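Not measured: the values here are computed from a predicted model. Numbering of ligands and ligand atoms starts at 1, following listing order.
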Amino acid sequence: MEFSKTPGWLDWYAKPSQPQFIPPPGSVDAHCHVFGPGAQFPYAPERKYTPCDASKDQLFALRDHLGFARNVIVQATCHGADNRALVDALQHSEGRARGIATVRRGISDQDLQALHAAGVRGVRFNFVKRLVDFTPKDELLEIARRIAPLGWHVVVYFEAVDLPELWDFFTALPTTVVVDHMGRPDVGKPVDGPQFELFVKLMREHDNVWSKVSCPERLSLSGPRALDGERDAYRDVVPFARRLVETFPDRVLWGSDWPHPNLREHMPDDGLLVDFIPHIATSAALQHKLLVDNPMRLYWPEQSAGEL
Ligand code: 0GY
């Protein structure tokens, strides 16, 4: 089947720069995607966008280039609840990738077990209205109750303005809850203002809530400006991510978000994204928790953290 990417869609960087920051051995990129290839794994009929292809081999090459050891591959909405591209990537990762799937009510126990065997360790609930149609919360809660006994967790993606309405649902979930991209704060607002305080309160009052301190390129208003040749892009996002890393050092994850779905004005250089890490995790101890200890505890609990 032939797919044409959505008009205006930017391609991911074919030749990202070499980061100056060297991640500690065994580091995990805990948020990335595979797209198709569409000819092999068709995009879902209900999708809101058609991406460019981004294969497992390209993802694994990027992992090695950036100095990472492992990936957590998150099912993107363009594949709906058809997890075949994700499962294929996991099965070819030599144990170096885990997955977050999308499933619907009514999935069989056998299918859940097959996903688990492939390396899936959670499901994603997406509340970003431009990306998905509405799913009733009772259906999502039913799914959460089904996956909890497998030791899986729930990944949630939402806009900061929707947190008040989603609060009761999130706090009723019976699993660990991992929030994508810090709950997408408006970084034009103060880091200690009411919007981000609400997110910090969610994490403070509920110790099963984790956050990915990811996607500065999506959240930044100042953009990728590098001053005086320094690699200091997206600095307006730094206070938000740094606050979470320093307040909740054992419940934060980092991810590249490659291949960066839905970006139309600016496509980040993945090398620059890695160089963002020491600005938000400013000591070797915090970096090790963010990149190794925390993702290993959540995704590879049966293995000790460290090098492969
Ligand atoms: C992201 C961001 C986006 C898309 C998806 O599943 C998806 O389609 O996650 C987005 O457009 O904000 O986090 O990868």
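- Protein heavy atom nearest atom 10 (C) of ligand 1, with residue, atom name and distance: Arg218 NH1, 3.4 Å.
- Close contacts of ligand 1 with Pro261, meaning ligand atoms under 4.0 Å from a residue heavy atom, involve 1 (C), 2 (C), 3 (C), 4 (C), 11 (O), 14 (O).
- At least one test fails for Arg264 against the ring of Trp9: distance under 6.0 Å to the centre or angle within 45° of the axis.
- The closest donor-acceptor contact from the side chain of Thr171 to the backbone of Asp168 lies under 3.5 Å.
- Short contacts between ligand 1 and His33, defined as distances under 4.0 Å to a heavy atom of the residue, involve ligand atoms 1 (C), 14 (O).
- One N or O on the side chain of Asn294 and one on the backbone of Val252 form a donor-acceptor pair closer than 3.5 Å.
- Residues Phe196 and Phe240 place their aromatic rings such that the two centres sit under 6.0 Å apart.
- Ring centroids of Tyr299 and His153 are separated by less than 6.0 Å, placing the two rings close together.
- Atoms CD1 and CG, on Ile107 and Leu112 in that order, are 4.5 Å from each other to the nearest 0.5 Å.
- Contact annotation for His260 and ligand 1: no heavy atom of the residue comes within less than 4.0 Å of the ligand.
- Taking the centre of each ring, Phe68 and Trp254 come in below the 6.0 Å mark.
- Ring centroids of Phe170 and Phe158 are separated by less than 6.0 Å, placing the two rings close together.
- Proximity of His31 to ligand 1, defined as any heavy-atom pair under 4.0 Å, is confined to the side chain (atoms from C-beta onward).
- Remark: distances from the non-hydrogen atoms of His79 to ligand 1 are all 4.0 Å or more.
- Those atoms of ligand 1 that come under 4.0 Å of a heavy atom in Tyr49, given as number and element, are 7 (C), 8 (O).
- Within the 4.0 Å heavy-atom shell around ligand 1 one finds Arg124.
- Less than 4.0 angstrom separates some heavy atom of Arg184 from each of these atoms of ligand 1: 12 (O).
- The closest approach between Asp180 and ligand 1 stays at or above 4.0 Å for every heavy atom of the residue.
- In the candidate list Leu263, Val128, Thr77, Asn126, Thr77 is nearest to atom 6 (O) of ligand 1, counting heavy atoms.
- Ring centroid separation for the pair His79 and Tyr43 comes in under the 6.0 Å cut-off.
- Near Arg130, with a cut-off below 4.0 Å to any heavy atom, the atoms of ligand 1 are 10 (C), 11 (O), 12 (O).
- Listed by number with element, the atoms of ligand 1 under 4.0 angstrom from any heavy atom of Asn262 are 11 (O).
- Near Asp257, meaning under 4.0 Å from one of its heavy atoms, ligand 1 places the atoms 1 (C), 13 (O), 14 (O).
- Two rings, from His33 and His260, have their centers 6.0 Å or more apart.
- Ligand 1 has a nitrogen or oxygen under 3.5 angstrom from a nitrogen or oxygen of Tyr157.
- Atom 13 (O) of ligand 1 has its closest protein heavy atom at His181 NE2, 2.5 Å.
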